[in-house]
Amino acid sequence: MAQIQLTFPDGNAKPYDAGVTPAQVAADISTSLGKKAISATVNGTHWDLQWPIHEDAQIALHTMKDDAQANELIRHDLAHVMARAVQEIWPDTKVTIGPVIDNGWYYDFDRAEPFTPEDLGAIEKKMKEIINKRDPVTTEVWERDRAIKFYTANNEPYKVELIESIPGDEDLRMYWHGHWQDLCRGPHFQNTGQIPGDSFKLMSIAGAYWRGDSNRAMLQRIYGVAFRNKEKLKAHLTMLEEAAKRDHRKLGREMNLFHMQEEAPGQIFWHPNGWTIYTELQNYMRRKQRADGYQEVNTPQVVDRKLWEASGHWDKYQEHMFIVEVDEEHAREKSINALKPMNCPCHVQIYNQGLKSYRDLPMRLAEFGSCNRYEPSGALHGIMRVRGFTQDDGHIFCTEDQIEEECAKFIAFLSDVYKDLGFEKFEIMFATRPEKRVGSEESWDHVENALENAIKKTGHAYTLDPGEGAFYGPKLDFKLTDAIGREWQCGTFQVDPNLPERLDATYVGEDGVKHRPYMLHRACLGSFERFVGILIESHAGKLPFWLAPRQVVVASITSEADDYVHDVVAALKAAGVRAEADIRNEKINYKVREHSVGKVPVILAVGHREVEDRTVTVRRLGEKRTSVQTLDAVTKDLATAATPPDLL
RNA sequence: GCUGCUGUAGCUCAGAGGUAGAGCACUCCCUUGGUAAGGGAGAGGUCGAGAGUUCGAUUCUCUCCAGCAGCACCA
C-alpha cells in the first residue's frame, strides 16, 4: 500500500498508509487522544475523523478544547439533530438547509402548519432524547443521480433542487445521524452522544425565503444557540439580556427622549430631552464641517418628478418615494412631486448655477438634509430605520486627480469625529461593482482603481467587499464598533461619475474646454436619528456629559434649602450647564433613585450644611461616593465637562 | 413587502362571552427626611380601528392599522 507523509503542527512528520483517517492517526498517537479527538484540520480544511487522507498533508487534531472547531461541530450536529427531531414529530415536514451561524445555527423547514413557541420545548426534548441515544454518525460519498433519485423518492423537493444547483462534477456527501440522513458537507461528530446536551437552546421561529429570494416560498426557520458548556450558554443569554436593557426604544421612553405613534409610522416625535442630544450632535458636526472646508447649503423638500426622472431615481426607487400630487384647480396639468429621498440631485442644481472653473474645485457642499423614504414596513426599527431622517450629507465636486486627496482628507475627518464621539475603533470596507449597475466596464475599472489607490495611500487597513458597491460607483463604508462590540455601518465615501453626467454638471478646465467633474458622496454619521440611537445603545443611556440631555439635577434635602437650590441652578445655567431644580417634597433617597434611573450624570444635593457653607454635595451617576465642593469650583468643573470636545 | 406573534390606564402586565384589575407613575394630604422607592387617600381605560356571529363582544370570526422577531430591502 502506498505511503503518505503527515506533518503535525510541531513540525514532526510520520508515514501512514494512504487512506488513513484522522481517527486512526489520533488512536496511533495515544489512546486518550483517540478518545478525545473530535475532528482534524487537514491542509487548512476542517476534516471529519472518518474521512480518509490520500496524500501528504499538514494535519492538526482537535479536541473539545479547541473552541472554533468544537463549536462548529456542536452547532452543525445540532442542526441535524433538530431537523431529525422535527421530522420525527411531524413526519410530513420537508427539510431544506441548516447552516452554522454566529453562536448557533438555524434550519429552514417547509411545513403547512406554523411552529408555535410551545413546539420549541417539544423539539428540544426530542433533541435531548436523540443525543442520549448516542447514535453513530456515518458518512458516504454518493453520485448525484443516486442522490437525486433518493430525494425524489423521499419527497424532499428542496434537496433535489439543492443538488441540481451544485456543479455537476462534484460528488455529494451524505451523513447519517442514526437512521436520519441529510445531504451535508460535514464534518460531524462520530456519534450524537458527543454533543453537549445541556448547553443549547432553541431561541425563535421566523419566516425566511427559500434561497433568500423574496419571490420564492416562505419557509419556517428555527434558530438555536449552542456552546461547549452550560457556563458559556449562560454567559451568552446574559449578554442578550444586557443588550435588551440597552435597547434605544426602551431607554428612549424611560429617559423621555422621543416617541413614535401610529399616525406617523417610521417618523419620530422628538421630546425636549431627545432633541437636546440631536441638536448638540448637529451643532458639533456643523462646526467640524465648517472647519474642514465645507459650505453648508439647504435644498427643497418637495421636488418635481422631472428632476427625479433626470437623476434616475424615479425609475429605480419610485416605489420607495413619498409621492405628492398637487392638483390645483386651474392648473393645466397636475404636478407630481416627490419628497426628496436624498440630497445629491439638489446639490448638483446648486453646483450647476453659474459656470464653474477648475479653480472652483474641489467644491464641498454639505447639508443636514432632511429626507423621506417610504421604507418597507418590515424594515422599520425604532429610530434606527425610519421613513423621515436627516443625513449629515455632503458632496464634493472634484477632478479625477483630486479624488485621492479628498479621500484621505475625509478619512482623517471621520477618524477625528468618531474619536470625539467615543468610538476609537472602526473598519473600512471597499465595495466594488455590483451586478446591477450603470456605466461602462472601463469606467468602473478606472474609478475602482482610483478609489483603491486613494485608500492604499492613506495606509488604513481595509477589507474588500466585492459586488456591494452602489449602482453608480464603488464606495468605502465605515463601520464603527460600539461599547459592547457590535458593529454599525455609519460613514460612507462614494465615487460617482454617473450623476454629474445625467444632470450635466461641468467645469471649464485649464484648457478652456468643458469637462465632467466627479461627484463624491460622503456621510460620517449617516443619519442623525440612527446615530443618536447608536449613541444611546452604546452608552446604555449614560451619555457623555456634553451630550447628556439632563446634565445636573440640584436636589434639596430640606425645603429650607429651596432658595439656595435655585441659586445653584442659576449659577450653573449661566455657565452653560443644563441644570434643573428638584425641590419636591420627597426624601433625598427617592430623588437620587429617580434621577439615577433617569441617567442624569450629576446630582447635587443641598441641605442645611451646604446652605451655610455655600457648597454642594456631588454625586456622580454610578458612584456611591459623594464629595463636597464649593459652588464656584463645581460650576467651573461642570462648565468644562459640558464643553463639546472640539471646543476644549 | 413576506411568515409568525402581539395590541387592555402614562409605563410594565393580569383577566374573562354578561361592558375591567394590579404595581409603578400622576394629583392631594401627612411627613423636613443626608444619597437607589416614607405613609395615606384620590383620580385615571370606547380593552388598536371597522365589520360580522350572538339576546349580549373588550373576549369568538374576518378585514384593516400599528408594533415585535426573522427574511427580503436599504439610492
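Predicted model only: the values in this text are computed from it and were never measured. Within every chain, numbering begins at 1; the chains are lettered A, B, ... in the order of the sequence lines, protein sequences first and strands thereafter. Quick note: numbers below take in every heavy atom, side chains included, and nothing from hydrogens, waters or symmetry partners.
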Short side-chain N/O contact to C74(B) OP1/OP2 from His381(A), under 4.0 Å: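 Indeed not, no polar side-chain atom of His381(A) lies that close.
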Euclidean distance for [atom1], [N] against [M] (whole angstrom):
N: U46(B); M: A41(B); atom1: C1'; answer: 28 Å
N: A57(B); M: G48(B); atom1: P; answer: 16 Å
N: A22(B); M: G44(B); atom1: P; answer: 13 Å
N: U54(B); M: G40(B); atom1: C1'; answer: 46 Å
N: C29(B); M: U35(B); atom1: C1'; answer: 26 Å
N: A75(B); M: A36(B); atom1: C1'; answer: 48 Å
N: C60(B); M: G70(B); atom1: P; answer: 28 Å

So what does [X] touch, heavy atoms closer than 4.0 Å: a base, only the sugar-phosphate, or nothing?
X: Lys624(A); value: sugar-phosphate
X: Phe115(A); value: nothing
X: Arg221(A); value: sugar-phosphate
X: His320(A); value: base
X: Ser214(A); value: sugar-phosphate
X: Arg253(A); value: sugar-phosphate
X: Pro376(A); value: base

Between C74(B), A36(B), G34(B), which nucleotide has the shortest distance from any of its atoms to the side chain of Thr617(A)?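 Ranking C74(B), A36(B), G34(B) by closest atom to the Thr617(A) side chain puts G34(B) first.
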Yes or no on ring pair (Phe, Tyr, Trp, His ring centres under 6.0 Å) for Phe528(A) and Phe368(A), after CA distance, side-chain angles and deciding distance? CA-CA 9 Å; Phe528(A) 284 98; Phe368(A) 296 139; 5.2 Å; yes
Give me the atom names and distance for the closest heavy-atom approach of Pro474(A) to Trp444(A).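 In this case the closest contact between Pro474(A) and Trp444(A) is N-CZ3, 3.4 Å.
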Complementary nucleotide of C11(B), counting Watson-Crick and G-U pairs under 3.5 Å: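 Paired with G23(B).
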So, does the side chain of Glu610(A) form a donor-acceptor pair with the base of G34(B) at under 3.5 Å?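 Per atom types, the contact qualifies.
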Over how many whole Å does the gap from Gln220(A) atom CD to C2(B) atom C1' extend?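 After rounding, the reported distance stands at 13 Å.
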If we require ring centres under 5.5 Å and near-parallel planes under 30°, does Tyr317(A) stack on A75(B)?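 So Tyr317(A) counts as stacking on the base.
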